[in-house]
Structure formats: C-alpha cells, structure tokens
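Read through the structure below, which is laid out as structure tokens, and then see the notes.
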Amino acid sequence: MIVNYSGRISIIGAGTLGGTIAYGLIMDNMAEEILLVDMSTHIVQGQVLDLAEAAEGTNLVIRAGTFKEAGQSSIVIITADVEQYEGEEHTAWLIRSRRLILGIMSSITPIHDEIMFLVVNEPVDLYVQALIEYFPRLSRKKVFGIGTTLATLRFQTWLAQLTNATQQDITDAYCIGTQHDPIVVWSQTKIQGAPITTIPILVSQRANLDTIVSIHRYQLILERKGKAWYGTAGIATRLVQELLKYKVQQKKGNKGGRIFDSSTAVNTTWVLSVYVPQLDACMSWPVTLNSEGIKDIVPLPLASGEMEKVMIVRESNLIDIQNSNLSNTTT
C-alpha cells in the first residue's frame, strides 16, 4: 500500500551536502521525520548518530531509511551525484549521471501522487527532466531543482549595494538558464519602478555583473577547500521551509507535535530548474510556490538578445539529454 507520510522528508545522498541540509532542517524544526538514504550504510549510520545529537530535546525523528520509504515522503531531496573525473568527457559524465538517477527512481518506486522532488546537484536540468519522464502521472509542478537561485541572489545583492535599495525596491531581477551559463534578465529589472537601464551607476558597472553571477565564486571555493556545499544547503533548507508551511499545535499526549497545513500558501518567487512549457524544456526560470509545489511559471518578456541566449541554453540542454541516452545503445 502506498502511503503519504506528510511530515517526512527524505534525503537521498547522505554525504556532506545531504548531512548539512538535514542539520538545517533540524535547526529550523521543520519536519516530524527525516530519513537519510544512501548506498553506503556506514556513512548513513555515522550521519544519523551525529545528527541525532543535534535533534536531542525535540520531537523530530532522524533515522536511516530505505529507498522504498523515501517514496512515501512529502519531499524527496536528491543530493546524490557522480563526480566528474579529471579529463572525463562531458558525455561520459552525463551517461553515468543518468544511470544514477535511473537507479534512484527505480528504487523508490512506487510513489504517491503528492510527493515532491527537489534536486540540488548537477546535472540538475537532466535530473529534473528524467524524473518528469519516469513518473508521467506525477504533476510536473512537483519536480524542480536548485538552478540559478544563488546567481539570482547575487544579482539582487549587487543591485542593492550599488543603489542602496532594499530588497523590496527591486523587482523582476532574475538570472535564468543554467548555473554554468546564467542569463541576467537585464531588460525587465526595475528599482522602485525605474528600469535599471536608466540608472547610470548600474549601466557603468554592467560589465562586472557576468563574473559576479557566474560560478566564479564556486570555483574559488573548490580551489581552496575542494567542495562547496553551504550555499546550496542553505538554499535547499529555505526552499523546504517555503514548501512546508505548517502550524504548530499542541496534541494531546504529544507536546510540540507538528501538523502540516496544506492550506497555507506562499507566493515567494524563486528561480528553479523546472519544466518550462513555452520552451518545452527544463532550465532555471522564475516560479511562484505554494505548499503543493510550483504554483505558477512566471511570464517573463525577454529582450531579443536574452531570448537568443535562452534558446542556446535550451538546445544545449536537449543535446545533453540526448547524449545521456547514448548508454542505451552502448550497453
């Protein structure tokens, strides 16, 4: 029997990123139960023992889980990935990545119709597309990934710092596309209603923006410490908080129990890797959320140059998806 455990969040991939996300969820007391799922039982056991210390004194349960149990969760967060070897061709890495996501999907089947999938690792667009294709009965609005969210936040911070504007003053400031090729939606961004194309200090500094929103900072982190996970983990934790709006109620005999209130909707705009109907492809695009997942894909008029870049990203992603399927003919 397929069951929907509404208070359960499962994290597939119990390494440093998965563990950091779990820690963030514990600190914000968002879930009734967190499951860590990984092929390595030693890593899972170690993480559970460590994280359980952080959950002491709460009603939250954190434990090792199975892939089948993950399929009965409210949200499945996929942090598992395959590292690209030094010198490995991009296509070979894509093929190995697709094999991983296919293995995960087959292992968690069957799933219930209300489950949500959040992908946090690259190749995020490929994983989102694969999940949509593998679970055709599941609404596409329940499958999404962390795409250019950080790039968008860097863009908004840059605007605020140069103009002394507040976040509330800034509208329609997005980076879309992919993490490796973020596209700044310069033509639509406004500060206090004024197009940024009319603000001299921003126009004069425009050349610096592409580096700021790029993966340059990520690469600096890799050079210095080998891995970068705090930014991604922070975004994932905040996103889950938006999705799982719940109210705290006292239950008889269960002090501090959590009841998830699905009627509580939120209207925050995020830039996530999603299926974009007008493009018939997956890439990062602004969306609004509610407790059920993606509420709306935000209409985004683009300048001709911006649209040209979007179509280049679309074609690149479609080629990646096709290349990742080469394993079907070579194995």
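Computed from a predicted structure; not experimentally measured.
- Atom CD in Glu33 sits 7.5 Å away from atom CD in Glu69 (nearest 0.5 Å).
- Under the side chain to side chain contact (heavy atoms under 4.5 Å, CB included) test applied with Val119, the options Ile146, Leu131, Asp125 reduce to a single match, Leu131.
- Here the CD1-CG distance, from Ile101 to Asp81, works out to 10.5 Å after rounding to the nearest 0.5 Å.
- More than 12 heavy-atom neighbours from other residues, nucleotides or ligands sit within 6.0 angstrom of CD on Glu315.
- Ile294 is listed as a side-chain neighbour of Leu289, based on a closest heavy-atom distance under 4.5 Å.
- The one candidate from Val240, Leu118, Ile9, Ile11 that meets the side chain to side chain contact (heavy atoms under 4.5 Å, CB included) condition with Ile21 is Ile11.
- Side-chain heavy atoms closer than 4.5 Å link hydrophobic residues (I, L, V, M, F, W, Y) into clusters, and following such links, possibly through other members, connects Ile196 to Trp158.
- With a 4.5 Å cut-off on side-chain heavy atoms, Asp169 and Thr163 do not count as touching.
- Looking only at distances, no side-chain donor or acceptor of Arg314 sits under 3.5 Å from a matching main-chain atom of Ala281.
- Annotation: Lys190, atom NZ; neighbour count of heavy atoms from other residues, nucleotides and ligands within 6.0 Å is above 12.
- The two residues Met39 and Phe67 make their nearest non-hydrogen contact at SD-CE1, 3.9 Å.
- When all heavy atoms are compared, the tightest approach of Val37 to Gly65 is CG2-O, 3.7 Å.
- A search for ring-ring contact (aromatic ring centres under 6.0 Å, His included) contacts involving Trp186 returns nothing, not counting sequence neighbours.
- Under the 4.5 Å side-chain heavy-atom criterion for grouping Ile, Leu, Val, Met, Phe, Trp and Tyr, Leu302 is not connected to Ile312 through any hydrophobic cluster.
- Within 6.0 Å of CE on Met311 lie more than 12 heavy atoms contributed by other residues, nucleotides or ligands.
- Atoms CG and OG, from Asp320 and Ser97 in turn, are 10.0 Å apart once rounded to the nearest 0.5 Å.
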* Decide side chain to side chain contact (heavy atoms under 4.5 Å, CB included) for Thr41 and Val44; before the verdict, give the C-alpha distance in whole Å, the side-chain angles of both, and the deciding distance to 0.1 Å. => CA-CA 5 Å; Thr41 56; Val44 170; 5.6 Å; no
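- Put simply, the side chain of Ser316 never gets that close to the backbone of Val313: no donor and acceptor are under 3.5 Å apart.
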* To do: Please test Ile221 against Lys225 for side chain to side chain contact (heavy atoms under 4.5 Å, CB included), starting from the C-alpha separation and ending with a verdict.
  => CA-CA 6 Å; Ile221 296 171; Lys225 58 178 282 188; 3.6 Å; yes
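- Side-chain atoms of Arg137 and Asp113, non-hydrogen and from C-beta on, do get closer than 4.5 Å to each other.
- Linking ILVMFWY residues whenever their side-chain heavy atoms come closer than 4.5 Å, directly or via other members, places Ile212 and Leu202 in the same cluster.
- When each of Val143, Ile132, Val274, Ile321 is tested with Cys282 by the rule side chain to side chain contact (heavy atoms under 4.5 Å, CB included), just one qualifies, namely Ile132.
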* To do: Check the pair Gln84, Glu122 against side chain to side chain contact (heavy atoms under 4.5 Å, CB included), reporting the backbone distance first and the verdict last.
  => CA-CA 10 Å; Gln84 189 168 6; Glu122 290 288 354; over 6 Å; no
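- Side chain of Lys142 to backbone of Phe117: no donor-acceptor contact under 3.5 angstrom is found.
- Residue Glu89 qualifies as open at atom CD: its count of foreign heavy atoms under 6.0 Å is 12 or below.
- For OH of Tyr134, the number of neighbouring non-hydrogen atoms (other residues, nucleotides, ligands) closer than 6.0 Å is greater than 12.
- A heavy-atom distance below 4.5 Å is found between the side chains of Pro123 and Trp93.
- Interatomic distance, CG of Leu300 versus CD of Gln188, reported as 6.0 Å (0.5 Å rounding).
- The closest side-chain heavy-atom distance from Tyr127 to Leu100 is below 4.5 Å.
- The number of heavy-atom neighbours closer than 6.0 Å to CZ of Arg217, taken from other residues, nucleotides and ligands shown, is 12 or below.
- Closest approach of Glu306 and Val184 over heavy atoms only: OE2-O, 3.7 Å.
- Among all heavy-atom pairs drawn from Thr197 and Val203, the shortest one is O-CG2, 3.5 Å.
- Side chain of Thr149 to backbone of Val271: a donor-acceptor contact under 3.5 angstrom is found.
- Using a 4.5 Å heavy-atom cutoff, the side chains of Trp285 and Leu279 are in contact.
- Distance check, rounded to the nearest 0.5 Å: CG of Leu25 to CG of Leu60 gives 8.5 Å.
- Both Leu153 and Val185 are part of a single hydrophobic cluster, where members link through side-chain heavy atoms under 4.5 Å apart.
- Minimum interatomic distance between Pro182 and Ala151 (heavy atoms only, all atoms of both residues): CB-CB, 4.2 Å.
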* To do: Check the pair Phe155 / Thr189 against side chain to side chain contact (heavy atoms under 4.5 Å, CB included), numbers first and verdict last.
  => CA-CA 10 Å; Phe155 178 29; Thr189 305; 3.6 Å; yes
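- The distance from atom CD1 of Ile191 to atom CG of Leu159, rounded to the nearest 0.5 Å, is 5.0 Å.
- Looking only at distances, a side-chain donor or acceptor of Asn290 sits under 3.5 Å from a matching main-chain atom of Gly293.
- Proximity of a side-chain donor or acceptor of Asp50 to a complementary backbone N or O of Gln47 within less than 3.5 Å is not detected.
- The backbone N or O of Gln167 sits nowhere less than 3.5 Å from a side-chain atom of Gln156 that would complete a donor-acceptor pair.
- For the salt bridge (Lys or Arg N to Asp or Glu O under 4.0 Å) test, residues two or more places apart in sequence or in another chain that qualify with Lys227 are Glu83.
- With contacts defined as side-chain heavy-atom distances shorter than 4.5 Å, the pair Thr232/Thr79 does not qualify.
- Listed here is the closest heavy atom pair of Ile183 and Gly177: CD1-CA, 4.3 Å.
- Residues Asp181 and Lys309 are not in side-chain contact: their nearest non-hydrogen atoms beyond the backbone lie 4.5 Å or more apart.
- Residues Tyr23 and Tyr230 share a single hydrophobic cluster, defined by chaining ILVMFWY side chains whose heavy atoms lie under 4.5 Å apart.
- Here the side chain of Thr148 pairs a donor or acceptor atom with the backbone of Cys175 at under 3.5 angstrom.
- Side-chain N or O atoms of His112 include none that pairs as donor or acceptor with a backbone N or O of Ser74 at under 3.5 Å.
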